> 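This structure is in structure tokens; I'll ask about it shortly.
This is a predicted model, so every value here is computed, not measured.
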Amino acid sequence: MSALRDALRDLSDDVFFDLLESEDAYLLVLDVPGVSADSLELSVEDGRISIDAHREKEPEDDYRYLEENRSLFLDVDLPMPADALETEAEATVERGVLELHLPKTSGDGETTIDVVEDAD
């Protein structure tokens, strides 16, 4: 997971995030103000997390931009933690906060199989 942590530290100072870990999963919380699910592209593939977000905004009424300092275009490519399951990743975005939940693989490589009684 240190590769992900290092990559997040290398992001611009304008990008705010939290990276949390439990025994079962990682949680990446990323501020994306003004971004909705429609203006966000997120993929987890081949050991990489790709996030492309942009804020859509239009000036009100008869106003036009003289200067724009609040634009948001975020295009990041991050490494997945080695023990995270790509196929189980889930994401939500609400009120400008993206939460990416990355479940971990079981560390022992063991698969538990439920055994049931044969009805015959």
> So, using side chain to side chain contact (heavy atoms under 4.5 Å, CB included) as the criterion, who are the partners of S12 when residues are at least two apart?
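Partners of S12 under the side chain to side chain contact (heavy atoms under 4.5 Å, CB included) test: D14, V15.
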> With heavy-atom distances below 4.5 Å as the criterion, would you say the side chains of L28 and L102 are in contact?
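When only atoms from C-beta onward are counted, L102 and L28 do not touch, as no gap falls below 4.5 Å.
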> If we only count heavy atoms from C-beta on, is the M80 to E86 side-chain gap below 4.5 Å?
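Side-chain contact under 4.5 Å: yes.
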> Under 4.5 Å between side-chain heavy atoms, hopping through other hydrophobics if needed: is there a path connecting L19 to L78?
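Shared cluster, yes.
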> Apply side chain to side chain contact (heavy atoms under 4.5 Å, CB included) to D83 and Y26, showing your working.
CA-CA 10 Å; D83 59 344; Y26 298 100; 2.7 Å; yes
> Who pairs with E45 by side chain to side chain contact (heavy atoms under 4.5 Å, CB included), at least two apart in sequence or on another chain?
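Once residues adjacent in sequence are excluded, E45 has no partner under the side chain to side chain contact (heavy atoms under 4.5 Å, CB included) criterion.
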> Can V93 be reached from L8 by stepping across I, L, V, M, F, W or Y side chains whose heavy atoms are under 4.5 Å apart?
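Yes, it is one cluster - the side chains of L8 and V93 are joined through contacts under 4.5 Å.
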> Treating K104 as the side-chain partner and S22 as the backbone partner, does any N or O pair qualify as donor plus acceptor under 3.5 Å?
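Pair found, side chain donor or acceptor close to backbone of S22.
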> Only counting residues at least two apart or in another chain, list the ones meeting side chain to side chain donor-acceptor pair (under 3.5 Å) with D52.
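Once residues adjacent in sequence are excluded, D52 has no partner under the side chain to side chain donor-acceptor pair (under 3.5 Å) criterion.
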> Checking side chain to side chain contact (heavy atoms under 4.5 Å, CB included) against F16, which of D31, V32, V97 comes through?
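One option only clears the test, and that one is D31.
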> Tell me the closest heavy-atom pair linking R9 and F17, and the distance in Å.
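Here R9 and F17 meet closest at N-CZ, 4.3 Å.
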> Output, in order, the C-alpha distance, side-chain angles, deciding distance and verdict of side chain to side chain contact (heavy atoms under 4.5 Å, CB included) for T92 and L98.
CA-CA 6 Å; T92 60; L98 170 65; over 6 Å; no
> Mind listing the closest non-hydrogen atom pair of A91 and L42 along with its distance?
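Heavy atoms only, the tightest pair is CB-CD2, 3.3 Å.
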> State, yes or no, whether a side-chain contact exists between L100 and I49 at a heavy-atom distance under 4.5 Å.
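Of all side-chain heavy-atom pairs linking I49 with L100, at least one is under 4.5 Å.
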> Would you check if I51 and L40 make a side-chain contact, meaning some heavy-atom pair closer than 4.5 Å?
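The answer is yes; the side chains approach within 4.5 Å.
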> Are side-chain heavy atoms of L30 and L74 found at a separation under 4.5 Å?
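Touching, per the 4.5 Å side-chain cut-off.
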> Identify the two heavy atoms, one from A25 and one from P103, that lie closest to each other, and give their separation to 0.1 Å.
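Taking every non-hydrogen atom into account, CB-CA, 3.8 Å.
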